[in-house]
Enquirer: 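What follows is a structure written as structure tokens; I'll ask about it next.
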Amino acid sequence: MFYLRTQWIVGGLLWLATLPVSASSGIALARVFENVAFDRPLAVLQTPNKPDVWYVVEQAGRVLRVSTGGGKTNSTVFIDIRGRVHSEQNETGLLGMAFDPHFVENGRVYLSYTRNNDSLESVLTRFESKDNGKTLKAQQEQVLFSIKQPFSNHNGGDIHFGPDGYLYYGLGDGGAGGDPKGNGQNKQTLLGAVLRIDVSGSKEYKIPKNNPFINGPGKAEIFAYGLRNPWRWSFDRKTGELWLADVGQNHWEEINHIKRGGNYGWNLR
């Protein structure tokens with residue numbers, strides 16, 4: 001019999017679910033990280049080089065490093081930026097984290113969060129771990145990208161590196177209901193889209209040469225658009241394909257197979 005293992009976060013605790021392909025025996029849950037609880041955890045990651053070390057992203061602005069080597073569970077603070085993260089609304093906060101594909105060599109870590117800088121905005125920032133993934137220094141932050149948010153919801157915020165080495169960044173349509181500003185179908189704004197950028201340099205990001213709108217019409221960072229709130233998504237590790245869960249309005253949810261230059265319909269459908 002074959003099994004599918006997945007992670008669930010319930011009540012601030014992390015569980016592993018084992019789902020048999022033959023569903024007759026049901027689903028088994030196993031507690032992970034004994035004696036460790038989390039405050040509004042949104043994501044769980046591993047470093048590329050240490051399978052027994054996990055990083056738990058908390059919405060308020062903290063990331064915990066949890067190691068499970070030697071049969072013991074130890075939890076320490078990887079980074080704490082709660083003082084600069086705006087997380088008062090349900091969909092604001094520290095929303096995404098990604099390790100650089102060359103993390104072992106350069107120590108780079110990327111965070112996506114919302115902050116209140118006179119008004120609400122989404123930001124993408126870079127840090128460098130100088131101690132092989134044990135900590136990040138909050139004061140050594142490099143802001144790579146920021147965009148104003150007209151409302152407090154639909155902030156998207158998930159970030160991942162694709163198999164092409166570029167960083168993909170999901171942004172919602174700007175919020176409220178029904179996309180009142182028409183951002184989903186407007187390629188002249190970065191809201192309501194998945195962006196693709198090259199962060200391999202030491203300073204500002206660059207635009208990959210094969211981005212679909214690098215020569216217009218539209219913002220050069222856009223990889224795909226017409227999205228309401230690309231909250232969570234991932235790349236298929238075997239095929240490299242991008243599968244995205246777009247949060248729907250009222251009755252419908254979407255799972256989209258994202259392709260270069262694709263229009264995924266919001267707010268027209």
Side-chain angles (χ1 to χ4, degrees), residues 3-19 27-115 123-143 155-161 167 231-234 237:
Y3 294 86
L4 171 67
R5 301 196 75 189
T6 186
Q7 302 164 12
W8 290 357
I9 298 173
V10 181
L13 304 178
L14 182 65
W15 301 76
L16 287 181
T18 303
L19 293 80
I27 298 173
L29 293 178
R31 172 75 186 276
V32 184
F33 306 155
E34 292 290 341
N35 304 317
V36 181
F38 308 101
D39 179 21
R40 292 190 290 166
L42 298 184
V44 183
L45 300 85
Q46 288 175 288
T47 54
N49 61 329
K50 292 185 178 181
D52 61 343
V53 177
W54 300 76
Y55 296 82
V56 180
V57 179
E58 295 182 333
Q59 188 174 359
R62 189 175 67 162
V63 180
L64 295 181
R65 180 183 187 272
V66 184
S67 60
T68 57
K72 296 181 179 180
T73 299
N74 297 301
S75 173
T76 58
V77 176
F78 183 53
I79 188 170
D80 188 344
I81 54 171
R82 286 177 290 182
R84 72 191 69 162
V85 172
H86 180 88
S87 63
E88 280 69 21
Q89 282 76 38
N90 189 47
E91 297 177 22
T92 60
L94 177 56
L95 303 175
M97 174 176 163
F99 289 99
D100 192 281
H102 303 289
F103 171 78
V104 175
E105 293 79 29
N106 61 29
R108 289 180 171 182
V109 180
Y110 297 81
L111 296 180
S112 161
Y113 64 90
T114 55
R115 68 181 181 186
V123 295
L124 173 69
T125 65
R126 177 164 62 202
F127 300 83
E128 289 187 16
S129 177
K130 304 294 186 180
D131 52 12
N132 198 27
K134 293 180 180 179
T135 61
L136 291 179
K137 293 188 180 299
Q139 65 270 26
Q140 296 177 353
E141 178 181 38
Q142 181 183 6
V143 177
N155 298 300
D158 207 6
I159 52 175
H160 295 274
F161 280 92
L167 183 63
W231 160 239
R232 284 292 180 259
W233 40 275
S234 63
R237 283 177 286 180

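Sequence positions, counted from 1, serve as the residue numbers for this chain. Keep in mind that the numbers below use all heavy atoms, side chains included, and drop hydrogens, waters and symmetry copies. All figures in this text were calculated on a predicted structure; none of them were measured in a lab.
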Enquirer: Provide the closest heavy-atom pair for Ser87 versus Ala60 in the form atom of the first, atom of the second, distance.
Expert: OG-CA, 3.7 Å
Enquirer: For the atom pair CD (Gln139) and CD1 (Ile81), what is the distance rounded to the nearest 0.5 Å?
Expert: 12.0 Å
Enquirer: Counting N and O atoms only, with roles assigned by atom type, does the side chain of Gln46 sit under 3.5 Å from a partner on the main chain of Pro51, one being a donor and the other an acceptor?
Expert: yes
Enquirer: If you take all heavy atoms of Tyr55 and Gly133, which pair is closest and at what distance?
Expert: OH-O, 2.5 Å
Enquirer: How are the rings of Phe99 and Phe78 set relative to one another: parallel (under 30°), tilted (30 to 60°) or perpendicular (over 60°)?
Expert: tilted
Enquirer: Under the 3.5 angstrom rule, does the side chain of Thr114 hit a backbone N or O of Gly93 as a donor-acceptor pair?
Expert: yes
Enquirer: Would you say the side chain of Phe38 lies within less than 4.5 Å of the side chain of Val66, judging by non-hydrogen atoms?
Expert: yes
Enquirer: For Val123 and Tyr113: C-alpha separation, side-chain torsions, deciding distance, then whether side-chain contact (heavy atoms from CB on, under 4.5 Å) applies.
Expert: CA-CA 6 Å; Val123 295; Tyr113 64 90; 3.4 Å; yes
Enquirer: Can you confirm whether Arg108 sits close enough to His102 that some side-chain heavy atom of one is under 4.5 Å from a side-chain heavy atom of the other?
Expert: no
Enquirer: Mind listing the closest non-hydrogen atom pair of Arg84 and Ala138 along with its distance?
Expert: NH1-O, 2.9 Å
Enquirer: Between Asn155 and Glu91 (side chain of the first, backbone of the second, donor and acceptor by atom type, cut-off under 3.5 Å), is there such a pair?
Expert: yes
Enquirer: Please confirm whether the backbone N or O of Trp233 pairs with a side-chain atom of His160, one donor and one acceptor, at under 3.5 Å?
Expert: yes
Enquirer: Which value, rounded to the nearest 0.5 Å, describes the distance between Arg115 atom CZ and Thr92 atom OG1?
Expert: 14.5 Å
Enquirer: Go through Leu167 and Phe161 one step at a time and tell me if the side-chain contact (heavy atoms from CB on, under 4.5 Å) criterion holds.
Expert: CA-CA 4 Å; Leu167 183 63; Phe161 280 92; 3.7 Å; yes
Enquirer: Decide yes or no for Asn49 and Asn132: does some side-chain heavy atom of the first lie under 4.5 Å from some side-chain heavy atom of the second?
Expert: yes
Enquirer: Going from OG on Ser129 to CG on Asp100, what distance comes out if it is rounded to the nearest 0.5 angstrom?
Expert: 12.0 Å
Enquirer: Work out which heavy atom in Phe33 is nearest to a heavy atom in Thr73; give both atom names and the distance.
Expert: CA-CG2, 3.9 Å
Enquirer: Identify the two heavy atoms, one from Ala43 and one from Arg232, that lie closest to each other, and give their separation to 0.1 Å.
Expert: CB-NH2, 4.2 Å
Enquirer: Would you indicate whether the side-chain heavy atoms of Phe127 and Lys137 approach each other to under 4.5 Å?
Expert: no
Enquirer: State, with a plain yes or no, whether a side-chain heavy atom of Glu141 is found less than 4.5 Å away from one of Leu111.
Expert: no
Enquirer: Which of these, Leu136, Leu45, Leu94, Val56, sits in a side-chain contact (heavy atoms from CB on, under 4.5 Å) with Val63?
Expert: Leu94
Enquirer: Which atom names give the shortest non-hydrogen contact between Met97 and Val109, and what distance separates them?
Expert: CE-CG1, 4.0 Å
Enquirer: Check this for me: does any side-chain nitrogen of one of Glu128 and Lys130 sit under 4.0 Å from a carboxylate oxygen of the other?
Expert: yes
Enquirer: Taking the side chain from Asp80 and the backbone from Arg82, do they hold a donor-acceptor pair closer than 3.5 Å?
Expert: yes
Enquirer: Going by heavy atoms in the side chains, are Glu58 and Leu64 under 4.5 Å from each other?
Expert: yes
Enquirer: Is there a donor-acceptor contact under 3.5 Å from the side chain of Thr68 to the main chain of Asp52?
Expert: yes
